[in-house]
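All values below come from the heavy atoms of this structure, side chains included, with hydrogens, waters and symmetry mates left out. Convention: sequence-line order gives letters A, B, ...; per-chain numbering from 1.
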2 protein chains.
Amino acid sequence: MLRRFNRTWTQRVGVLEETHLGTGLPLAAARVLWEVGGRDGADGDGTTVRDLRARLGLDSGHLTRLLRRLEDDDLVRVTPDQRDRRRRLVGVTAAGRERCDRLERRSQDLAERLVEPLTERQRDRLAEALATADLLVRAATLELRTVDPDEPDARAAVARYVAELDDRFAAGFAPGPLDTGGLRPAERGAFVLAVSDGDPVACGGLRDLGEGWAEVKRMWVDPSWRGAGLGARMLRHLEAEAARGGFAGVRLDTHGSLTEAIAMYERAGYRRTERYNDNPDAEVFFEKQLGWDGSAR
Amino acid sequence: MLRRFNRTWTQRVGVLEETHLGTGLPLAAARVLWEVGGRDGADGDGTTVRDLRARLGLDSGHLTRLLRRLEDDDLVRVTPDQRDRRRRLVGVTAAGRERCDRLERRSQDLAERLVEPLTERQRDRLAEALATADLLVRAATLELRTVDPDEPDARAAVARYVAELDDRFAAGFAPGPLDTGGLRPAERGAFVLAVSDGDPVACGGLRDLGEGWAEVKRMWVDPSWRGAGLGARMLRHLEAEAARGGFAGVRLDTHGSLTEAIAMYERAGYRRTERYNDNPDAEVFFEKQLGWDGSAR
DNA sequence: AACAGTCTCTGACTATAGTCAGAGATGTGG
DNA sequence: CCACATCTCTGACTATAGTCAGAGACTGTT
């Protein structure tokens with residue numbers, strides 16, 4: 001199905017990619033302009049050349065020439081970066097912004113014209129099917145990355161996790177300074193971040209409880225990513241990680257109000273158990289024995 | 001949604017397009033090989049150069065060179081067409097077929113690897129969403145073409161229509177030689193073909209009944225296209241056509257066993273009426289008044 | 001047989017994308 | 001301050017995609 005759909009899509013909707021026609025710019029230049037214009041807020045100098053190179057995967061010489069062409073057309077302005085004068089800042093000009101908007105409108109137009117022959121109901125069905133496919137494809141292609149719990153992305157994810165718990169708990173949830181102890185390989189722990197397009201969208205940690213138990217901590221999934229099985233996947237990943245680390249089982253605690261999470265743990269083969277710590281925010285306790293490969297024994 | 005999805009798709013699944021990497025062939029050459037290999041049955045000479053040019057939209061000089069390159073690599077054989085010696089036939093060699101298969105496998109592999117992180121259930125959901133989107137996108141992009149009812153594609157569509165009725169009617173349906181009378185503009189009629197990828201997937205005709213009535217004839221939708229509102233769309237198209245031709249209303253007859261069709265006519269605003277002809281296969285009769293724009297009055 | 005049209009091929013181009021080596025200016029750690 | 005790294009730019013390439021005009025072989029029509 002994937003391949004059949006891919007053929008249909010590229011044949012009929014590929015047109016959306018050809019928005020650069022009509023801008024008078026070759027594809028590569030249009031992509032650069034788009035990247036600069038898209039990131040650029042009001043009119044400030046949006047990005048550095050270096051950044052563009054990384055994001056678009058272009059050769060430095062190639063990019064320099066593309067930028068010069070855009071500069072000659074007065075679509076883009078390149079100025080030295082005062083903070084580090086090896087670098088150069090790139091920003092769109094008014095004309096460049098206008099061109100970006102035109103591209104945007106053109107693309108929007110094409111999209112609308114495409115679905116125009118469909119009835120209202122069909123359009124809704126199409127949008128729904130595409131939303132489902134979008135979520136699943138993004139879920140399939142995200143990356144689970146083991147990181148240090150103190151790196152910025154990791155801290156950002158945990159901050160969102162805390163903010164959400166604070167929102168949901170009647171009594172609020174305000175732990176002291178966020179403790180990242182025990183979540184590093186050196187302490188037989190781990191912290192895993194799910195990253196999509198560079199943004200953290202889920203996280204989860206492991207900590208050594210002693211006596212062969214690992215504890216799952218800080219499981220969080222971005223709200224817009226729920227319903228894609230991401231939590232279960234993170235959990236499986238952490239279990240495999242724990243099994244690889246020689247743990248015989250996994251435990252976790254959670255608040256009674258997190259019913260979806262509890263349902264997920266039950267589906268994943270966790271069984272309720274006695275309180276094993278004195279966490280005041282925890283009400284429900286789970287555990288699961290691990291097979292050699294992280295599967296339930 | 002369409003544009004958001006398009007971004008996700010091209011970014012993550014675009015890889016499928018890069019199957020040509022690893023074949024050692026540049027994109028254009030790989031596309032040509034694919035086109036030849038795909039059409040070619042066993043090992044016979046599959047297509048003509050002319051055909052390739054039309055299907056891939058390539059310049060004749062460009063294609064000649066691409067073919068020569070493939071020929072030099074012994075992937076393709078080009079021989080004169082004995083039936084018209086201006087033309088040349090193109091077929092894949094054994095090596096070319098092997099290369100095509102490799103491409104195919106590679107593409108299949110990539111598709112499988114892509115969905116690999118998903119659970120069985122998610123994969124099913126993805127496949128279903130893509131199937132829905134596929135049908136709707138193809139439905140949105142098909143072409144309604146008014147043609148002569150005697151042209152080959154039109155005859156083929158009508159033949160499938162007749163075959164299907166013959167299948168479904170207990171008593172069979174074997175009209176005499178298929179009458180295309182009354183379905184041409186010169187007779188105030190019309191015959192419309194819905195074409196997707198060059199294949200007829202639905203049809204419908206109009207005929208002058210006299211006294212301001214047009215009659216809808218030979219409405220048929222390819223079974224694999226049902227559920228995409230194609231019948232209703234064809235009907236709306238024919239009504240607009242009739243209104244444009246100055247008819248005040250539309251009538252049609254149908255067999256009582258075609259319950260989906262009957263439901264569709266009712267949804268489209270048709271009302272049952274008295275028998276207005278002596279068609280022995282017809283049991284149910286409908287009519288609808290037309291507004292100036294083909295809408296119900 | 002003449003002629004207009006079709007089909008493929010050749011030659012001579014252009015534009016785009018991309019690679020590679022290194023120059024020159026600037027920053028950073030010891 | 002020096003050595004080394006980083007960042008951008010230049011020059012000199014190559015490969016690919018594509019365009020255009022016309023030549024030469026062939027076909028169908030009159």
Side-chain angles (χ1 to χ4, degrees), chain A residues 10 14-15 17-36 45-73 75-91 103, chain B residues 10 14 17-36 39 45-73 75-91 103:
Chain A
T10 47
V15 196
E17 294 308 287
E18 287 162 31
T19 11
H20 72 102
L21 298 176
T23 61
L25 295 172
L27 179 59
R31 286 208 305 153
V32 170
L33 176 60
W34 184 256
E35 195 68 33
V36 177
D45 297 317
T47 10
T48 58
V49 171
R50 168 195 162 64
D51 222 52
L52 282 175
R53 218 165 44 224
R55 279 212 302 273
L56 295 170
L58 292 172
D59 174 79
S60 85
H62 190 23
L63 179 56
T64 296
R65 275 175 273 261
L66 289 172
L67 282 173
R68 183 148 51 250
R69 169 154 184 187
L70 291 173
E71 228 181 341
D72 288 348
D73 290 356
L75 298 171
V76 133
R77 211 178 327 108
V78 182
T79 52
D81 182 345
Q82 291 311 327
R83 277 163 307 179
D84 179 344
R85 281 159 51 227
R86 289 170 303 183
R87 298 193 183 172
R88 308 198 65 196
L89 293 172
V90 187
L103 233 110
Chain B
T10 47
E17 296 305 290
E18 285 162 31
T19 10
H20 73 100
L21 298 175
T23 60
L25 295 172
L27 178 60
R31 287 209 304 154
V32 170
L33 176 61
W34 184 256
E35 195 68 34
V36 178
R39 302 278 160 161
D45 297 316
T47 10
T48 58
V49 172
R50 168 196 164 61
D51 223 51
L52 282 174
R53 216 163 46 225
R55 278 209 304 270
L56 296 171
L58 292 172
D59 174 79
S60 86
H62 191 25
L63 180 56
T64 297
R65 274 175 274 260
L66 289 171
L67 282 173
R68 182 147 53 247
R69 169 154 183 187
L70 291 173
E71 227 181 341
D72 288 348
D73 290 354
L75 298 170
V76 133
R77 211 178 326 108
V78 182
T79 50
D81 182 345
Q82 291 312 326
R83 276 163 308 179
D84 179 344
R85 279 159 52 226
R86 289 169 303 185
R87 298 192 184 172
R88 308 198 64 196
L89 292 172
V90 185
L103 234 110

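- Protein atom CG of D51(A) is 15 Å distant from nucleotide atom C1' of dT6(D), rounded to whole Å.
- What separates CG of D59(A) from P of dC9(D) is a distance of 12 Å, to the nearest Å.
- Closest to the side chain of L58(A), from the set dA17(C), dG18(C), dA17(D), is dG18(C).
- Put simply, R88(A) has no side-chain N or O that comes within less than 4.0 Å of OP1 or OP2 on dT8(D).
- Nucleotide dG11(C) holds its C1' atom 11 Å from the CZ atom of R68(B), rounded to whole Å.
- Regarding R87(A), its CZ atom lies at a distance of 11 Å from the P atom of dG27(C), rounded to whole Å.
- The separation between L66(B) atom CG and dC9(C) atom C1' is 13 Å, rounded to whole Å.
- Put simply, CG on L52(B) and CZ on R50(B) are 11.5 Å apart, with the number rounded to the nearest 0.5 Å.
- If you check dT8(D), dC9(C), dC20(D) against the side chain of R65(B), the one that comes closest is dC20(D).
- Not a single donor-acceptor contact under 3.5 angstrom links the side-chain atoms of T48(B) to the base of dC7(C).
- If you take CG on D51(B) and CZ on R87(B), they are separated by 8.5 Å, rounding to the nearest 0.5 Å.
- Distances shorter than 4.0 Å separate none of the side-chain N or O atoms of R53(A) from OP1 or OP2 on dC7(D).
- Closest heavy-atom contact between A29(A) and L70(A): O-CD1, 3.9 Å.
- In this model, no side-chain donor or acceptor of S60(B) finds a partner on the base of dC7(C) within 3.5 Å.
- Straight-line distance from the NE2 atom of H62(A) to the P atom of dG18(C): 5 Å, rounded to whole Å.
- Atom CD of E35(B) sits about 10.5 Å away from atom CG of L33(B), to the nearest 0.5 Å.
- At least one side-chain heavy atom of T47(A) sits less than 4.5 Å from a side-chain heavy atom of R55(A).
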key: Stepwise side chain to side chain contact (heavy atoms under 4.5 Å, CB included) check, V32(A) with L58(A)   = CA-CA 10 Å; V32(A) 170; L58(A) 292 172; 4.0 Å; yes

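- Summary of the strand contacts: D81(A) and A29(A) both lie near DNA chain C, and taking for each the nucleotide with the nearest heavy atom, the more 5' one is attributed to A29(A).
- Nucleic acid contact for R69(B): sugar-phosphate only, since backbone atoms but no base atoms lie under 4.0 Å from a heavy atom of the residue.
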What protein N or O atoms touch nucleotides 25-30 of chain D N or O atoms at under 3.5 angstrom, if any, and at what distances?
| residue | atom | partner | partner atom | Å |
| --- | --- | --- | --- | --- |
| dT27(D) | OP1 | R85(B) | N | 3.4 |

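- For the pair L70(B) CG and dT16(D) P, the computed distance is 12 Å after rounding to whole Å.
- Rounded to an integer number of Å, the gap from CG of L56(A) to P of dT8(D) is 13 Å.
- Separation of atoms CG (D84(B)) and OG1 (T48(B)) is listed at 9.5 Å; rounding is to 0.5 Å.
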